[in-house]
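The structure under discussion appears below in the form of structure tokens.
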Amino acid sequence: MKRLAIGTVCLGLVVFGCQHAGLMPIESAAEATEIRIPELPSGLRSVQVSLSWSPGAELQDAIDRLGPAGGILYLPEGIFKLETQVFLKSNVHLVGVPGQTVLVGAGNRTILDAANCTDVTIRHLVLDANENGNLQRAFVATHSARLGVFNCEIKNTGADAHGIELQKDVDEAQLIGNYLHDIGDAGDKWGTGITLGWGSSDAVITDNRIERASRAGINAHNDCTNLYVARNDVRQLGGEGLGIELWSNCSGTVEHNQVASWISFDGSAGVIRHNEVNGAWNPTPPKYGIEVVAGDAVQVLDNRVTGARMGLSLVKSNNCLFQGNVIDGGETGLQGYGANAPARSNAVLGNTFRNGSGRAMMLNQNCDGWTIEGNLIEGYGKSGIYLFGTDDATITGNTLRRTCQQSSQGEAAIYWNSDRKTRLVLSGNTLADNPIPYGEILPWFLPDR
């Protein structure tokens, strides 16, 4: 099986009871090391399971024998090759020996299947899909509630497979402190560490480490609402390199994550804050740092993006706020794009854009009514603020230094390229060391000098 040839990186997460030293989220390092795993429920029957001659059948028999009341099954250390998938049931909790209880998948579809059940958890297990191309995921759940996957290692899925999939109508799941790696084959279209879909809402996805997935780290799609995605570390991705994606009528808070590339809200709502996106953690530089598409009123706050070709991207979205972000390197700092549908009345406040080869900020068609205020722009190859097909903007209190360092033809610190120039407010901006301060701005819109 052809894997992405990248080495392992240790993170600031507690996995399998061991402390890994490393990078921390940009605001609070202490938060990254505190993993809160819910305790096992009290009052349940506890059983020590022996797995020997037929591990899959023996484990299934132990689950079935617990009956509706459920219980806690303690699994021994060892490598157990399951001859078939295992079906979990309500009120059943599987507990392994940290890092030592390995369930190797066989057959098809999945290793562990949680369908139509509630209050199920697995802890301290290693789920090894063994690069079995028949396994579509290592752990799958559907039509269930209150599931937990805690401090597990999930690895070696086959082509286009997922590590954990909450497939449909799985509510109140908690996926905390897991290590998922080598998910999918290099060049796959769909290989993803954690996937949620079709109304799987109110999930908590925190403190997971995901690396060497062939497409994405964490993906939620189709009406997964009220998600909380925090303190995850996602890197060394293949394909599109989507670190975290909320797509198609999803909503949630994405905060304090470290990803190699591309946090995306596509048709989704919520808050993206205090994340770090760093292209140095990926085999190839990311196309995007943070992207908002068709997601009105999204807030993008206090994130740091390094080395992405486009630091921030907004398409077909209105009334969004970009505030306090730091964009370093790459090509374009921020692009607003409204050619196919409006991208209006957005605010860019108090951000830092520096050291890019292209334009720091470009509003590209149908981006009227933007407020650009209090930003620092320095060290860009082309324009600092470039308005193309944008007729109405407010640009106040910004500092622009050393723009147009690579090209000044058709560029300026502030450039306005539009057939209809109806309103432009320029006031309180500080321009220094720019070859051309203003370009194509009608005299009556220029500030008094």
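Keep in mind that this is a model prediction, so the values were computed, not measured. Below, all heavy atoms of this structure are taken into account, side chains as well, without hydrogens, waters or symmetry copies.
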* To do: Quick one: pull up CG in N355 and CD1 in I327 and give me the separation to the nearest 0.5 Å.
  => 12.0 Å
Test item: [X] and [Y] side chains (from C-beta on) under 4.5 Å apart, heavy atoms:
| X | Y | answer |
| --- | --- | --- |
| H221 | W198 | yes |
| N208 | I194 | yes |
| S144 | C117 | yes |
| T403 | I414 | no |
| I372 | T394 | no |

For the pair [X] (side chain) and [Y] (backbone), establish whether a donor and an acceptor sit closer than 3.5 Å, ignoring hydrogens and angles.
| X | Y | result |
| --- | --- | --- |
| W416 | T390 | yes |
| T101 | V97 | yes |
| D296 | N318 | yes |
| N232 | A230 | yes |

* Matching residue for I395 among V425, N429, N375, T371 - test: side-chain contact (heavy atoms from CB on, under 4.5 Å) -> N429
* Report yes or no: is the cationic atom of R209 (NZ for Lys, CZ for Arg) closer than 6.0 Å to the six-membered ring centre of Y179, at no more than 45° off its axis? => yes
* **ring-ring contact (aromatic ring centres under 6.0 Å, His included) partners of residues 236-255, not counting sequence neighbours, each pair once** => none
Does a side-chain N-to-carboxylate-O contact under 4.0 Å join [X] and [Y]?
| X | Y | value |
| --- | --- | --- |
| E255 | R273 | yes |
| K155 | D182 | no |
| E240 | K189 | no |

* Between H274 and H256, how do the two ring planes meet: parallel, tilted or perpendicular, split at 30° and 60°? -> parallel
* salt bridge (Lys or Arg N to Asp or Glu O under 4.0 Å) assessment of E411 paired with R359 -> CA-CA 9 Å; E411 306 288 338; R359 294 165 178 152; 2.7 Å; yes
